Amino acid sequence: MEKSQNSMTFSQEGGSNLSERVLLNVGGKKFETTVATLTRVSDTVLAVMVSDRWKTGDEIFIDRDPKHFGKVLNYLRDGDHFVAPSDTEACDELKREAHFYNMPFLAEMCMPMNVDVADVVQWKRDAIEIYWRPFVRYMVDDSLSLPFIYDRNNHTLARCIACEEFQDPKCSYLFDINYTAWEPMRHHMYNMTGEVTQLMGENCCIVAWDNGQQIHLPKSALSKVPGMLHQ
């Protein structure tokens with residue numbers, strides 16, 4: 001994190017009056033703000049544009065998707081009081097915009113919050129396509145304590161992809177799973193919530209899901225459900 005992006009200090013760039021209005025065209029959508037807002041955080045793409053290229057009355061064109069530009073401006077206006085979106089996808093998209101505009105502190109605000117015991121969590125939407133089959137296999141096979149399996153010498157072993165947790169279930173699979181029949185579980189995972197019951201080092205935790213399953217998972221697969229307490 002850059003110190004200059006934390007201070008949120010005003011700087012008068014290029015002799016411009018801080019109260020002057022600036023019109024920005026972001027991907028065809030117009031936004032209006034002030035020199036003060038655009039230069040509040042130094043060394044950003046927007047601050048440099050104003051100081052190096054902008055003249056009173058000019059329109060600044062940015063060839064970028066305007067979807068989250070209003071949030072970028074609100075971050076410049078609100079600083080540490082800015083609240084990142086609770087939706088995981090929106091947060092990821094805003095983080096990409098923050099990197100583009102050289103706003104590392106905003107990008108950090110969009111990072112997933114570290115989970116703790118008793119937090120209510122849900123699956124990240126982009127993690128479901130990766131995890132739903134291991135999750136189904138974990139549900140079907142009572143011998144597993146970890147959802148990630150591999151075979152060695154015709155013997156099934158399990159380990160975590162994010163830590164050194166390892167399991168030898170002492171058995172081999174005697175059945176195949178019909179994942180097509182389990183497709184509804186993939187859909188249901190978008191609506192599941194669970195409670196963190198134990199932390200497993202820095203990268204993992206154990207989650208008790210609302211369907212009765214308790215499973216060891218990397219924190220990277222999860223996001224906190226804001227404002228929810230486990231019942």
Side-chain angles (χ1 to χ4, degrees), residues 83-96 98 107-231:
V83 178
S86 57
D87 179 78
T88 302
E89 288 186 3
C91 234
D92 288 343
E93 292 169 357
L94 180 57
K95 183 170 64 175
R96 286 195 292 272
E108 184 175 316
M109 295 174 79
C110 295
M111 295 293 287
M113 298 178 64
N114 285 332
V115 299
D116 204 349
V117 172
D119 282 345
V120 177
V121 295
Q122 59 190 3
W123 293 97
K124 286 185 179 178
R125 297 182 69 85
D126 58 358
I128 291 175
E129 286 303 308
I130 300 169
Y131 282 86
W132 81 270
R133 288 182 179 85
F135 187 60
V136 166
R137 185 173 288 276
Y138 174 85
M139 292 174 56
V140 170
D141 188 342
D142 293 336
S143 70
L144 292 176
S145 62
L146 295 168
F148 315 105
I149 63 160
Y150 64 99
D151 289 329
R152 179 186 292 171
N153 298 325
N154 295 320
H155 185 70
T156 300
L157 302 171
R159 71 170 302 148
C160 180
I161 59 172
C163 69
E164 297 182 357
E165 192 76 12
F166 171 85
Q167 183 199 7
D168 182 351
K170 305 298 182 185
C171 69
S172 297
Y173 287 106
L174 300 176
F175 55 88
D176 291 322
I177 297 174
N178 181 357
Y179 286 110
T180 301
W182 281 92
E183 284 278 349
M185 174 53 69
R186 176 171 60 174
H187 181 268
H188 178 64
M189 287 170 68
Y190 286 98
N191 298 305
M192 288 176 64
T193 59
E195 180 186 10
V196 176
T197 59
Q198 184 179 348
L199 300 180
M200 304 293 289
E202 295 183 358
N203 298 322
C204 298
C205 61
I206 293 178
V207 179
W209 291 103
D210 53 13
N211 69 344
Q213 298 297 315
Q214 184 163 294
I215 188 171
H216 176 124
L217 289 169
K219 295 178 184 177
S220 60
L222 308 168
S223 60
K224 289 175 64 172
V225 179
M228 278 192 64
L229 297 175
H230 190 73
Q231 300 295 322

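Please read all numbers here as calculations on a predicted model, not as lab measurements. By convention here, the first residue in the shown sequence is residue 1.
Counting only distance, with no hydrogens or angles, the side chain of Tyr138 and the backbone of Gln214 share a donor-acceptor pair below 3.5 Å.
Judged as a salt bridge (charged side-chain N to carboxylate O under 4.0 Å, His left out), and not counting sequence neighbours, the contacts of Glu129 are Arg186. By the side-chain hydrogen bond (donor to acceptor under 3.5 Å, both in side chains) test, Glu89 is found to be paired with Arg125, residues two or more places apart in sequence or in another chain being considered. The side-chain contact (heavy atoms from CB on, under 4.5 Å) check on Ala158 picks up Leu144, Leu146, Ile149, Gln167, with sequence neighbours excluded. Under the side-chain hydrogen bond (donor to acceptor under 3.5 Å, both in side chains) criterion, Tyr179 pairs with Arg137, sequence neighbours left out. Residues satisfying the salt bridge (charged side-chain N to carboxylate O under 4.0 Å, His left out) test with Glu165, not counting sequence neighbours, are none.
The distance from the CG atom of Leu222 to the OH atom of Tyr131 is 8.0 Å, given to the nearest 0.5 Å. Rounded to the nearest 0.5 Å, atoms CE (Met189) and CH2 (Trp132) are 9.0 Å apart. Atom-to-atom distance recorded for Arg96:CZ and Cys110:SG is 10.5 Å, nearest 0.5 angstrom.
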Please tabulate, for side-chain N and O atoms in residues 203-212, each donor-acceptor pair with protein atoms closer than 3.5 Å (sequence neighbours left out).
residue, atom, partner, partner atom, Å
Asn203, ND2, Ala162, O, 3.3
Asp210, OD2, Thr193, N, 3.1
Asp210, OD2, Thr193, OG1, 3.4
Asn211, OD1, Gln213, N, 3.2

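Side-chain atoms of Val117 and Leu199, non-hydrogen and from C-beta on, do get closer than 4.5 Å to each other. Side-chain contact between Met139 and Ile215: absent, with no pair of heavy atoms (C-beta onward) separated by less than 4.5 Å.
The shortest heavy-atom contact between Glu164 and Arg159 is CA-NH2, 3.7 Å.
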(request) Output, in order, the C-alpha distance, side-chain angles, deciding distance and verdict of side chain to side chain contact (heavy atoms under 4.5 Å, CB included) for His216 and Cys160. (result) CA-CA 8 Å; His216 176 124; Cys160 180; 3.5 Å; yes

